[in-house]
Undergrad: 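Submitted below is the structure of interest, expressed as structure tokens.
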Amino acid sequence: MKRNKEARIVLNTIQRVMATFLLVMVLTNCSKDDAAPESSIRLGALSLSENGDCNHSSGVTGTSFGILIPYSGTQDDTLIRILYKLIPEGGDAIERTANYNDFSLKDGSGEMTWNSCLRFFDVSFIDLEIRIETADGIISSVSKIKINKPDGAN
């Protein structure tokens, strides 16, 4: 009987050690270090120029902007799309893409201008987030800019 009790104590100890080991393994495998690696293509600070009125895709007049996108870390890369997110003041994010065909990016670093027609409706600003994607599936870091509604804009 004494041996049976000792065996149960040893078995309970082994079970606790195994449970603790399993818990430690689960916690270390679910760490935040598993996040996606940083992109090799980095976007710099966006800048913009207002280019007057434009015909928005909704059929109303909008405001045309030229958005200067500086980039670095490119090597024999071809742009296939701009991934962008519009976040109107107090509103929900709207995610969109602009597709390109065989737009070669300069090796090392460069800049490109993306023209866009925006409609502000009743908001005073729109936050814009941009990433670029290459034909090899590389997605750049994100770059952001706040676009204030120009005087007289729709």
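Worth knowing before you read on, the calculation uses all heavy atoms, side chains too, and leaves out hydrogens, waters and symmetry mates.
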Undergrad: With side chains defined as the heavy atoms from C-beta onward, is the minimum distance between E89 and I126 less than 4.5 Å?
TA: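 No, their side chains stay 4.5 Å or more apart.
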Undergrad: Between NZ of K85 and CG of D127, what distance do you get to the nearest 0.5 Å?
TA: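 Interatomic distance, K85 NZ to D127 CG, rounded to 0.5 Å: 11.0 Å.
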Undergrad: Does the K106 side chain pair with the main chain of S72, one donor and one acceptor, at a distance under 3.5 Å?
TA: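 A pair under 3.5 Å: no.
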Undergrad: Is there side-chain contact between I94 and Y84, with heavy atoms separated by less than 4.5 Å?
TA: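 Answer no - side chains too far apart.
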Undergrad: Give me the atom names and distance for the closest heavy-atom approach of P70 to E111.
TA: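 Here P70 and E111 meet closest at CA-CB, 3.9 Å.
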Undergrad: Does F121 belong to the same Ile/Leu/Val/Met/Phe/Trp/Tyr cluster as F65, with side-chain heavy atoms less than 4.5 Å apart forming each link?
TA: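 Per the 4.5 Å side-chain linkage, F121 and F65 are not co-clustered.
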Undergrad: Checking T113 side chain against G66 main chain: does a donor-acceptor pair fall under 3.5 Å?
TA: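 No; zero donor-acceptor contacts below 3.5 Å.
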Undergrad: Examine distances only and state if a side-chain atom of R131 and a backbone atom of S140 form a donor-acceptor pair shorter than 3.5 Å.
TA: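 Between the backbone of S140 and the side chain of R131 there is a qualifying donor-acceptor contact (under 3.5 Å).
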Undergrad: Going hydrophobic residue to hydrophobic residue with side-chain gaps under 4.5 angstrom, can you get from L48 over to Y71?
TA: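 Same cluster.
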Undergrad: With a 4.5 Å heavy-atom cut-off, do I82 and N99 have their side chains touching?
TA: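 I82 vs N99: side chains apart.
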Undergrad: Taking C-beta and beyond as the side chain, do I132 and L83 meet within less than 4.5 Å on heavy atoms?
TA: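 The answer is no; the side chains never approach within 4.5 Å.
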Undergrad: Measuring from I139:CD1 to T134:OG1, what's the distance to the nearest 0.5 Å?
TA: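 Separation between the atoms: 8.5 Å.
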Undergrad: Side chains of I80 and Y100, heavy atoms from C-beta outward: is any pair under 4.5 Å?
TA: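 Answer no - side chains too far apart.
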Undergrad: Is S143 reaching over with its side chain to a backbone N or O of G44, donor-acceptor style, under 3.5 angstrom?
TA: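 Yes; judged by distance alone, with no hydrogens or angles, the pair exists.
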Undergrad: Would a 4.5 Å heavy-atom cut-off, applied to side chains only, mark V60 and R119 as touching?
TA: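 Yes. Closest side-chain heavy atoms under 4.5 Å.
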Undergrad: Could you tell me the separation between the CH2 atom of W114 and the CG atom of L79, rounded to the nearest 0.5 Å?
TA: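 Interatomic distance, W114 CH2 to L79 CG, rounded to 0.5 Å: 11.5 Å.
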Undergrad: Are I147 and V123 connected in the hydrophobic side-chain network, where two residues link if heavy atoms are under 4.5 Å apart?
TA: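 Shared cluster, yes.
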Undergrad: Could you grab the distance from atom CD1 of I41 to atom CD of E133, nearest 0.5 Å is fine?
TA: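 The CD1 atom of I41 sits 10.0 Å away from the CD atom of E133.
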Undergrad: Any side-chain heavy-atom pair from I69 and I130 closer than 4.5 angstrom?
TA: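 I69 vs I130: side chains touch.
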Undergrad: Using atom types as modelled and distance alone, determine if a side-chain donor or acceptor of D77 lies under 3.5 Å from a backbone N or O of Q75.
TA: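 Checking the backbone N and O of Q75 against the side chain of D77, a donor-acceptor pair under 3.5 Å is found.
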Undergrad: If hydrophobic clusters are built from ILVMFWY residues whose side chains come within less than 4.5 Å, do L68 and L118 share one?
TA: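 No, because L68 and L118 fall into different hydrophobic clusters, even though each may have its own neighbours under 4.5 Å.
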Undergrad: Enter the distance from E129:CD to L43:CG here, rounded to the nearest 0.5 Å.
TA: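 Here the rounded value is 11.5 Å.
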Undergrad: Rounded to the nearest 0.5 Å, what's the gap from CD1 on I138 to OG on S40? Could you check?
TA: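 I138 atom CD1 to S40 atom OG measures 4.5 Å (nearest 0.5 Å).
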Undergrad: Are any non-hydrogen side-chain atoms of S116 and I67 less than 4.5 angstrom apart?
TA: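 Side-chain contact under 4.5 Å: yes.
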Undergrad: Counting N and O atoms only, with roles assigned by atom type, does the side chain of D53 sit under 3.5 Å from a partner on the main chain of T63, one being a donor and the other an acceptor?
TA: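 Side chain of D53 to backbone of T63: no pair is present.
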